[in-house]
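See structure below.
FYI, side chains are in, hydrogens and waters are out, and symmetry mates aren't considered; it's all heavy atoms of this structure. Ligands are counted one by one from 1 in listed order, and the atoms in each one are counted from 1 as well.
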Amino acid sequence: MQFCNGMHRLAAVLFIALVLLCFTSANASRRKWRSLHQTAFGEADGQMECGRQFHDIQSKWLQSKLVLRALNWQIIESASASHRFNLTIVVHSVLKTGGSKSGPRLRISNGSRIMVGEFSGALSRRQRSRQRQQCTPSRLRSNDKGYIFFLKPTLDPTYFKHSFLPIKFRSRRLRKFDRVSCGRRNRCPKAPWIVKAIPQGVTPHKGSREVSMRFVCGARGEPAPIVRWLKNGANLVLDDRVRAQMKKRSHGIVSRLTIRPVKLTDAGNYTCVFTNLQGSVNTTFEIGVAEILNAERQLFRKDREMPAYVCDSANKTHCQNGGTCVINNFDGKPHCVCPRYFTGYICEKIDIY
Ligand SMILES: *[C@@H]1O[C@H](CO)[C@@H](O)[C@H](O)[C@H]1NC(C)=O
Ligand SMILES: *[C@@H]1O[C@H](CO)[C@@H](O)[C@H](O)[C@H]1NC(C)=O
Ligand SMILES: *[C@@H]1O[C@H](CO)[C@@H](O)[C@H](O)[C@H]1NC(C)=O
Ligand SMILES: *[C@@H]1O[C@H](CO)[C@@H](O)[C@H](O)[C@H]1NC(C)=O
Ligand SMILES: *[C@@H]1O[C@H](CO)[C@@H](O)[C@H](O)[C@H]1NC(C)=O
């Protein structure tokens, strides 16, 4: 009898483990590639909030002196028509306090009522896109579990400014804080490190007369890093032809860069840079003109057309400033592929932008 009970329990445990396993692997496969957007300033994927580069939940936690959960809040409207408002909140639990060792410890405990500001609401639809940049939240909707507030102290011990927008409380968010809090599980913030760097290289694209180029790189870190791409050391401009995507992994991120169709001017050094609050790491893929020409040649060999080739000694000196001379497929004339900082028909112009 004892034995049977034991077996039942074991079976139940195995069953639960199996269900959990299925659930997590289904979850993992659901993570899809998302487009990565880069602005001229290099922040990737809408990572700016309140002028900060890192606004993932763990970085918010690291950057805030005080993090707490509140179930009840009340809006204190200002008398003026500025649409600014403060909130009074009742602290449900303190998730992080202190921060700096030199400063006085914040005396906040469960149940205390504090004032949090200064928020701005009542924005028009047009203003809403700017709202994120300005660190002004929309109004908090009531919910059962409350919100997590990221705060910094002011001189007034009962008044705090928000360092990031409040977010809805979910218990799995607490587990994320655990990962960077150097707590029980001994997880501490760590600078990113590369776990994957695959130059899939330049290849004729299947089923088309185009050459494509792809690089995949991935890194881990605590908190998970953000990624951006550079070409020859400058921020890579993305468009319909040059596309970057990313996928979140546990504690990390994988990004792939795809260029299609490839032009000779795409030759150069491509760098993926991973950054979190702790530091930065990068890896570079180098693509030469020869590799692109080679892939094009494979394509044209199939089609029995004139291949492109690097100029012979007769016109080696055709290009200035170290540009590579190539004979074009279509007109049979020499063209120049210019190195970094040079442009123009024979790379005669300096391009400092
Ligand atoms: C919010 O509270 C602070 C501190 O009491 C105060 O200085 C500020 O004017 C308040 N803002 C609004 C919009 O009421
Ligand atoms: C505050 O509330 C949290 C969650 O309810 C609880 O875990 C914690 O022990 C409380 N702290 C104090 C000092 O009562
Ligand atoms: C790419 O990197 C290699 C090796 O560091 C360097 O020799 C080459 O000049 C670089 N190419 C460009 C276009 O910057
Ligand atoms: C890439 O890493 C190298 C070596 O750590 C560093 O010297 C360089 O500045 C980094 N480049 C970028 C763009 O972060
Ligand atoms: C380069 O070589 C091509 C083919 O041999 C020739 O037609 C062209 O005139 C040459 N151009 C220069 C600038 O030497």
*SG-SG distance C217 to C272 under 2.5 Å*: yes

*asked:* Only heavy atoms of Y159, strictly under 4.0 Å: list the atoms of ligand 1 that pass.
replied: 1 (C), 2 (O), 3 (C), 4 (C)

*asked:* Among all the protein's heavy atoms, is there at least one whose distance to atom 5 (O) of ligand 3 comes out below 4.0 Å?
replied: no

*Counting both backbone and side chain atoms, is some N or O of N86 under 3.5 Å from an N or O of ligand 1?*
yes

*Could you give the distance from CG (L71) to NZ (K145), rounded to the nearest 0.5 Å?*
11.0 Å

*How far is atom 9 (O) of ligand 4 from its nearest protein heavy atom, and which residue and atom name does that atom have?*
N282 ND2, 4.7 Å

*Can you get from L151 to W73 by hopping between Ile, Leu, Val, Met, Phe, Trp and Tyr side chains that sit under 4.5 Å apart?*
yes

*Tell me if the SG of C319 lies under 2.5 Å from the SG of C347.*
no

*Exercise: identify the closest heavy-atom pair between T154 and Y159*: OG1-O, 2.6 Å

*Report the nearest protein non-hydrogen atom to atom 8 (C) of ligand 3: residue, atom name, distance rounded to 0.1 Å.*
N269 ND2, 3.8 Å

*Describe, in one word, how the ring planes of F177 and F150 are oriented to each other, choosing from parallel (under 30°), tilted (30 to 60°) and perpendicular (over 60°).*
perpendicular

*Considering only protein heavy atoms, which is closest to atom 7 (O) of ligand 3, and at what distance to one decimal place?*
E286 OE2, 4.6 Å

*Does the protein put a heavy atom under 4.0 Å from atom 11 (N) of ligand 3?*
yes

*For atom 14 (O) of ligand 4, is the nearest protein heavy atom under 4.0 Å away?*
yes

*By number and element, which atoms of ligand 4 are closer than 4.0 Å to a non-hydrogen atom of L230?*
13 (C)

*asked:* Please find the pair of heavy atoms, one from N86 and one from G117, that lie closest to each other, and give the distance.
replied: OD1-CA, 3.3 Å

*Which atoms from ligand 1 have a heavy atom of M115 less than 4.0 Å away?*
2 (O), 5 (O)

_Tell me whether atom 2 (O) of ligand 4 lies less than 4.0 Å from at least one protein heavy-atom position._
yes

*Distance-minimising heavy-atom pair for R220 and P225*: C-CD, 3.9 Å

